[in-house]
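I have placed the structure first, in the form of structure tokens, so that the comments after it can refer back to it.
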Amino acid sequence: MNRLLMAGLVPAIAALCGCVSMATNQASNKLADLCEAKGVDARIAAPTAEVQGGMFGNVVVTGDCIGPGEEGYEDAMTIEEYRASIGKKPS
């Protein structure tokens, strides 16, 4: 019985972990899209992504969209660099 239970749980856990990863990617891409809408030269400073509440919780992605002349602009990631860091190829 334990073997049968484990055989059913392993795929379910793997699927849920995939959902968390997909939600993190979607939220990260939304941040990139919002920042990109602010202008071609916008950059993302201090991006973070975290899961709150485990597999059944929320994904929170934060970052500052900054433009030329703002503090930290030179050190911030371009939109393309940010998308590459989350695994999405720039379009």
Side-chain angles (χ1 to χ4, degrees):
M1 174 108 170
N2 285 339
R3 211 174 242 190
L4 183 59
L5 180 63
M6 289 301 290
L9 283 178
V10 171
I13 291 171
L16 288 173
C17 290
C19 290
V20 170
S21 177
M22 186 181 346
T24 302
N25 283 340
Q26 288 177 342
S28 297
N29 280 308
K30 184 66 174 175
L31 172 63
D33 292 343
L34 290 171
C35 195
E36 192 171 44
K38 293 190 176 208
V40 176
D41 294 331
R43 293 187 177 187
I44 300 175
T48 63
E50 64 180 78
V51 177
Q52 297 175 342
M55 287 188 271
F56 301 105
N58 299 313
V59 174
V60 178
V61 176
T62 60
D64 296 323
C65 292
I66 57 177
E70 293 185 59
E71 184 178 333
Y73 181 79
E74 294 301 320
D75 297 325
M77 299 172 86
T78 65
I79 302 298
E80 293 81 20
E81 290 171 338
Y82 179 69
R83 286 190 191 277
S85 76
I86 57 173
K88 180 179 178 182
K89 295 179 182 175
S91 53

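Keep in mind the model is a prediction, meaning the values are calculated, not measured.
- Here the CD1-SG distance, from I79 to C65, works out to 6.0 Å after rounding to the nearest 0.5 Å.
- Considering only residues two or more places apart in sequence or on other chains, E70 meets the side-chain hydrogen bond (donor to acceptor under 3.5 Å, both in side chains) condition with none of them.
- One distance of note links OH of Y82 with SG of C35; it measures 9.5 Å at 0.5 Å rounding.
- In this structure, CG on D64 lies 11.0 Å from CD on E71, to the nearest 0.5 angstrom.
- L31 contributes atom CG, which lies 9.5 Å from atom CZ of R83 (distance to the nearest 0.5 angstrom).
- Between E81 and M77, the shortest heavy-atom contact is OE1-CA, 3.4 Å.
- Residues satisfying the side-chain contact (heavy atoms from CB on, under 4.5 Å) criterion with Q26, sequence neighbours excluded, are M22.
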Taking only distance into account, with no hydrogens and no angle test, what donor-acceptor pairs under 3.5 Å do side-chain atoms of residues 37-45 form with protein atoms, sequence neighbours excluded?
residue: R43; atom: NH1; partner: Y73; partner atom: O; Å: 3.2

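- Taking Ile, Leu, Val, Met, Phe, Trp and Tyr as hydrophobic and joining them when side-chain heavy atoms fall under 4.5 Å apart, one finds V60 isolated, its cluster having no other members.
- A distance of 10.0 Å separates CG in N29 from CD in E36, rounded to the nearest 0.5 Å.
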